[in-house]
Amino acid sequence: MQQFIDSIEAAIQEATGLEAGSFKLEKPRNAAMGDFAFPCFLLAKRDKGNPAKIAGELAAKLNENFDGIEAIATGPYLNFKVRRTDLAKAILGDILGQGASFGNSKQGEGKTVVIDLSSPNIAKPMSVGHLRSTVIGAAIQRLHDKLGYKTVGINHIGDWGSQFGKLVAAVDRWGDTVDLEKDPIPSLLKLYVRYHEEEEGDPELQEAAREAFRELESGKDGHVRGIWRNLTELSMKEFDRTYARLNVTFDEVRGESYYEDHLDATVDRIVAAGVTEESQGALIVNLEQFGEHVPPCLLRKTDGTTLYATRDMAAVFHRHELYNFDRCLYVVGGDQRLHFQQLKHVLDRMDIDWESRVEHIDFGMLRLPEGKMSTRQGKVVFLEDVLDRAVEEARKIIDEKNPDLESAGEIAEMVGVGAVVFNDLKRERTKDIEFVWSEVLSFEGDTGPYVQYTHARLASILRKAEPGAMENADYACLEESSALLLTMGNFPAVLQRAATKAEPSEVTQYLLALAREVNSWIAANRVLGQEAPTTAARLQVVAAARQTINIGLGVLGVGAPDSM
RNA sequence: GCGCCCGUAGCUCAGCUGGAUAGAGUGUCCGCCUCCGAAGCGGAAGGUCACAGGUUCAAAUCCUGUCGGGCGUACCA
């Protein structure tokens with residue numbers, strides 16, 4: 001499809017003297033007007049003329065040299081219509097010829113993107129909130145993979161910090177009251193909550209927790225570290241189960257604890273850059289130059305221990321040394337905007353030239369109808385429960401509508417999990433989401449299962465077609481199908497925009513629109529049993545649409561079943 | 001208090017870097033399984049794009065202010 005855009009743009013440049021890149025073709029208001037549009041306001045301004053008149057004159061001029069493309073002036077717009085058979089042939093040829101690599105690009109060749117995603121905290125259950133970072137981050141990684149970047153997905157596990165002192169002390173004291181092996185996460189959560197409550201009036205507990213974290217930080221490999229290591233392993237085993245269901249893998253799993261040894265060097269490096277100062281007994285980087293309200297970044301507390309920010313500084317230096325990234329994306333909730341701003345400001349003050357390559361890919365918070373989620377108040381929805389219920393629901397629908405379906409269990413898993421993941425990727429990243437069960441468990445309309453269902457229908461038609469039925473197509477019968485063809489042809493551009501903006505919802509929204517078009521096209525265009533050249537042409541549309549949906553769902557990490 | 005983000009149909013959301021008559025889904029109402037999958041398709045109703053100014057040939061989109069909501073605001077992560 002790109003070839004049409006290129007030749008139209010080239011012709012406009014030649015006829016008007018506009019420079020390449022100074023204008024962009026748009027999509028006409030409705031498909032009947034044409035395939036591509038060029039608003040003439042820009043020219044009208046330059047030449048102080050009437051845009052409608054300019055459009056008319058330009059149309060006449062361009063049509064002299066066009067072959068297979070027609071320029072039509074409609075008011076101040078200049079619309080272009082490609083010869084239908086050429087359009088169909090080019091787009092279907094592209095998609096079917098490229099197969100699974102349709103949408104691939106070389107734009108990322110030789111470039112590296114580091115993505116920090118998921119990053120749950122040890123000993124806490126994954127809530128639907130963690131789903132967002134995991135699923136958004138994984139989609140962004142796959143998008144970049146598709147565009148030829150080298151990608152490194154990093155799961156930066158929260159396994160360090162003063163709360164682990166409490167946890168270790170709690171396990172030490174009351175570990176035998178729960179079954180850690182069988183039910184690790186809920187048990188740990190219970191212990192943590194109990195410790196939190198009881199230490200209020202018990203200085204001894206407070207001191208025990210502090211002591212435990214001190215020992216942990218000292219690096220001594222003894223009793224405390226043993227407990228901590230065990231907690232970590234138990235939690236990771238649980239997390240891995242969920243990741244497997246979500247179809248997410250990581251290139252690097254590193255706890256914050258990994259940076260223990262890097263902390264002193266990191267602080268030294270920032271001090272050496274001359275940007276630190278002492279304030280109220282703590283070591284800080286003053287950031288007032290970025291705005292009088294920007295609070296300083298704390299590197300060392302009064303007691304000498306480090307903070308989250310220190311560990312993140314260590315991590316970003318480490319990642320840069322290791323990967324020399326072109327983009328370093330942090331897929332972390334919007335509640336941490338200030339933290340990442342500070343991180344970037346510190347890099348900026350240190351005159352680090354790759355500062356602009358570090359991006360906080362923030363996303364909206366997930367709220368329950370009754371308010372903000374809170375683990376301690378029991379106001380959480382656990383991810384496993386959501387997945388289980390969605391799968392259960394999918395199974396119920398399959399039993400009802402398609403009781404003979406083979407491997408119904410696997411497909412129910414694909415559809416249920418797909419519904420949850422798709423739903424999470426549906427809205428613009430930064431928007432807050434209210435978690436409503438009925439919405440997550442809905443399989444109709446703007447949902448993942450709707451797209452999956454469309455895929456299954458297309459696959460079903462292809463299964464029923466005779467071998468070789470796609471040969472000798474008569475593209476003339478696709479006269480009325482050009483809107484759908486253009487949508488499919490636009491897929492590579494959608495992927496590129498989604499990657500640049502780190503915005504998976506561009507893909508979900510695209511797939512919903514495509515599925516909608518496909519479904520009404522199927523209703524209006526009988527494929528099988530037509531005259532052979534007609535069936536052949538329509539089968540190509542079916543195959544191309546199936547292929548495009550399949551790739552799109554793949555990027556999102558949602559399964560594309562051939563039947564469901 | 002201050003900073004950042006958000007406000008589009010009853011509800012959930014699209015609307016790309018300003019461009020043609022603001023679009024989907026859901027819910028409500030009506031129609032379609034003797035024809036490739038009804039998790040579907042077609043149709044109806046539903047909008048002062050929070051409000052008020054401004055910039056522009058052109059504003060849901062950019063700027064300012066007001067109101068409403070969310071998040072954050074130095075020794076948690």
Side-chain angles (χ1 to χ4, degrees), chain A residues 24 26-30 33 37 39-42 44-45 50-51 74-77 79 119 121 158 160-163 256 279-284 291-303 305-309 311-312 333-339 341-342 362 364-365 367 372 394 397-398 400-402 415 419 426-428 430-434 436 438-439 442-454 456-465 493-494 497 501 505-506 509 512-513 515-516 519-530 535 538-539 542 563-564:
Chain A
K24 211 188 95 186
E26 297 176 3
K27 199 177 153 183
R29 179 102 188 87
N30 62 57
M33 293 173 170
C40 295
F41 303 102
L42 204 74
K45 193 167 197 174
N50 175 335
T74 311
Y77 288 85
N79 294 320
S119 308
N121 288 322
W160 208 246
S162 43
Q163 82 269 30
E256 280 186 70
S279 172
Q280 298 170 31
L283 183 69
I284 66 159
E292 56 176 319
H293 299 294
V294 181
C297 176
L298 264 78
L299 296 175
R300 266 194 211 286
K301 299 191 249 182
T302 320
D303 66 4
T305 56
T306 59
L307 292 110
Y308 178 46
R311 294 189 279 277
D312 251 5
D335 52 350
Q336 292 188 42
R337 277 195 194 104
L338 180 60
H339 167 75
Q341 250 167 36
Q342 290 181 313
D362 59 339
M365 302 278 82
R367 284 192 323 277
K372 201 186 172 184
I397 296 174
I398 289 171
E400 192 181 298
K401 304 192 183 224
N402 200 354
V415 173
K426 200 163 76 180
R427 299 163 199 76
E428 203 183 345
T430 55
K431 288 208 161 135
D432 287 352
I433 299 183
E434 187 176 86
V436 183
S438 64
E439 212 174 288
S442 152
F443 293 179
E444 287 168 20
D446 276 352
T447 65
Y450 172 72
V451 179
Q452 291 175 316
Y453 176 76
T454 309
R457 277 184 80 180
L458 294 168
S460 163
I461 294 174
L462 292 170
R463 267 197 305 274
K464 287 176 179 148
V494 170
R497 200 167 57 229
K501 291 167 67 179
S505 73
E506 295 268 349
Q509 293 295 335
L512 286 170
R516 232 177 281 127
N519 278 316
S520 45
W521 182 85
I522 290 179
N525 297 273
R526 170 95 195 164
V527 177
L528 301 176
Q530 310 299 298
T535 287
R538 291 184 179 164
L539 266 178
V542 169
S563 53
M564 62 189 268

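The nearest heavy atom of RNA chain B to A:Ala456 and to A:Thr305 marks one nucleotide each, and the one closer to the 5' end goes with A:Ala456. If you find the closest nucleotide of RNA chain B to A:Asn30 and to A:Thr306, the one lying nearer the 5' end belongs to A:Asn30.
In this structure, the separation between CD on A:Glu256 and OG on A:Ser119 is 8.5 Å, given to the nearest 0.5 Å. Distance CG/A:Leu298 to OG1/A:Thr306: 11.0 Å, rounded to 0.5 Å.
For A:Ser563, the side-chain atoms get nearest to B:G37 when compared with the rest of B:G37, B:C76, B:A39. Here B:G70 is the nucleotide among B:G70, B:A14, B:C36 with the atom lying nearest to any side-chain atom of A:Arg337. Each of B:U12, B:C6, B:C75 was ranked by its minimum atom distance to the side chain of A:Ala282; first place goes to B:C75. Closest approach to the A:Arg526 side chain among B:C71, B:A20, B:C35 is made by B:C35 (side chain taken as heavy atoms from C-beta onward). Residue A:Glu256 places its side chain closer to B:A77 than to any other of B:A77, B:G40, B:A24. When the nucleotides B:G37, B:A77, B:C6 are ranked by their closest atom to the side chain of A:Tyr453, B:G37 comes out on top. Out of B:C75, B:A77, B:G3, the shortest distance to the side chain of A:Thr302 is found at B:C75. When each of B:C13, B:A39, B:C76 is scored by its nearest atom to the side-chain atoms of A:Met564, the top-ranked nucleotide is B:A39. Side-chain proximity of A:Lys431 to B:U12, B:C13, B:A39: nearest is B:C13.
Checking the phosphate oxygens (OP1, OP2) of B:A38, a side-chain nitrogen or oxygen of A:Arg457 falls inside 4.0 Å. When the side-chain nitrogen and oxygen atoms of A:Tyr308 are compared with OP1 and OP2 of B:A74, none of them lie within a distance under 4.0 Å. Taking only side-chain nitrogens and oxygens, A:Ser520 comes nearer than 4.0 Å to OP1 or OP2 of B:G42. Residue A:Lys27 has no polar side-chain atom (N or O) positioned under 4.0 Å from OP1 or OP2 of B:A20. Look at A:Lys464 and you'll find a side-chain N or O under 4.0 angstrom from OP1 or OP2 of B:G37. Phosphate contact (OP1/OP2 of B:C76, side-chain N/O of A:Lys301, threshold under 4.0 Å): present. Look at A:Arg427 and you'll find a side-chain N or O under 4.0 angstrom from OP1 or OP2 of B:C13.
A:Asn519 contributes no side-chain N or O that forms a donor-acceptor pair with the base of B:A38 under 3.5 Å. Taking only distance into account, the side chain of A:Ser460 never meets the base of B:C36 through a donor-acceptor pair shorter than 3.5 Å.
When heavy atoms are screened at a 4.0 angstrom cut-off, A:Leu512 is found touching no nucleic acid atom at all. The residue A:Leu528 sits close to a base: some heavy atom pair falls under 4.0 Å. A:Ser279 comes within contact range of at least one nucleobase, with a heavy-atom separation under 4.0 Å. At a threshold of 4.0 angstrom between heavy atoms, the contacts of A:Lys501 with the nucleic acid are absent. Base engagement by A:Ala37 is indicated by at least one non-hydrogen atom pair under 4.0 Å involving a base atom. Counting non-hydrogen atoms under 4.0 angstrom, A:Pro39 reaches nothing in the nucleic acid. Nucleic acid contact for A:Ser442: none, since no nucleic acid atom lies under 4.0 Å from a heavy atom of the residue. Contact annotation for A:Asn79: base contact, defined as any heavy-atom pair under 4.0 Å involving a base atom. Within 4.0 Å (heavy atoms only), A:Val542 reaches no atom of the nucleic acid at all. Contact annotation for A:Gly161: backbone-only contact, meaning every heavy-atom pair under 4.0 Å involves sugar-phosphate atoms and none involves a base. Base engagement by A:Asn402 is indicated by at least one non-hydrogen atom pair under 4.0 Å involving a base atom.
Listed for the A:Asn525 side chain is a donor-acceptor partner under 3.5 Å among the backbone atoms of A:Trp521. The backbone N or O of A:Pro295 lies less than 3.5 Å from a partner atom in the side chain of A:Gln342, making a donor-acceptor pair. Of the possible donor and acceptor atoms, none in the side chain of A:Asp432 sits under 3.5 Å from a partner among the backbone N and O of A:Gly364. Checking side-chain atoms of A:Arg300 against main-chain N and O of A:Thr302 turns up no donor-acceptor pair under 3.5 Å. Side-chain atoms of A:Gln530 come within 3.5 Å of backbone atoms of A:Leu528 as a donor-acceptor pair (strictly under, hydrogens ignored). Counting only distance, with no hydrogens or angles, the side chain of A:Lys426 and the backbone of A:Asp446 share a donor-acceptor pair below 3.5 Å.
Across the protein-nucleic acid pair, A:Trp521 atom CH2 and B:G40 atom C1' stand 15 Å apart, rounded to whole Å. When the P atom of B:C6 is taken as reference, atom CZ of A:Arg367 falls 15 Å away, rounded to whole Å. Atom CZ in A:Arg300 sits about 15 Å away from atom P in B:C76, given to the nearest Å. Distance, A:Gln336 CD to B:G3 C1': 17 Å, rounded to whole Å. In this structure, CG of A:Asn121 is placed 10 Å from P of B:A77, rounded to the nearest angstrom. Rounded to whole Å, atom P of B:C5 lies 13 Å from atom CG of A:Leu338. The nearest whole Å value for the distance from the CD atom in A:Glu292 to the C1' atom in B:G1 is 13 Å. Taking atom CG of A:Leu462 as the reference point, atom C1' of B:C36 lies 10 Å away to the nearest angstrom.
Here, B:U17 and B:G68 have their P atoms 30 Å apart, quoted to the whole Å. Taking the C1' atom of each, B:G42 and B:U48 are spaced 31 Å apart, rounded to whole Å. With P as the reference atom, B:G46 and B:A9 are 15 Å apart, rounded to whole Å. B:G18 and B:C36: their P atoms are spaced 48 Å apart (whole Å). The same atom, P, is picked in B:G69 and in B:A60; the two are 26 Å apart, to the nearest Å. Spacing between B:A74 and B:G54 at atom P, rounded to whole Å, works out to 40 Å. Rounded to a whole angstrom, the distance from the C1' atom of B:U61 to that of B:C16 is 11 Å. Comparing the C1' positions of B:U8 and B:A14 gives a spacing of 10 Å, expressed to the nearest Å.
For the 3.5 Å distance criterion, the side chains of A:Tyr450 and A:Asn519 qualify, holding a donor opposite an acceptor.
Within 90° of 0 lies the glycosidic angle of B:C33, which makes this nucleotide syn.
Counting only Watson-Crick or G-U wobble pairs whose defining distances are both under 3.5 Å, the stems of 3 or more consecutive pairs in RNA chain B are B:1-7 with B:67-73, B:10-13 with B:23-26, B:28-32 with B:40-44, B:50-54 with B:62-66.
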Taking it one step at a time, do A:Val542 and A:Ile522 satisfy side-chain contact (heavy atoms from CB on, under 4.5 Å)? CA-CA 9 Å; A:Val542 169; A:Ile522 290 179; 5.7 Å; no
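With contacts defined as side-chain heavy-atom distances shorter than 4.5 Å, the pair A:Leu42/A:Lys45 does not qualify.
Counting heavy atoms of neighbouring residues, nucleotides and ligands inside a 6.0 Å radius, atom NZ of A:Lys301 exceeds 12 of them.
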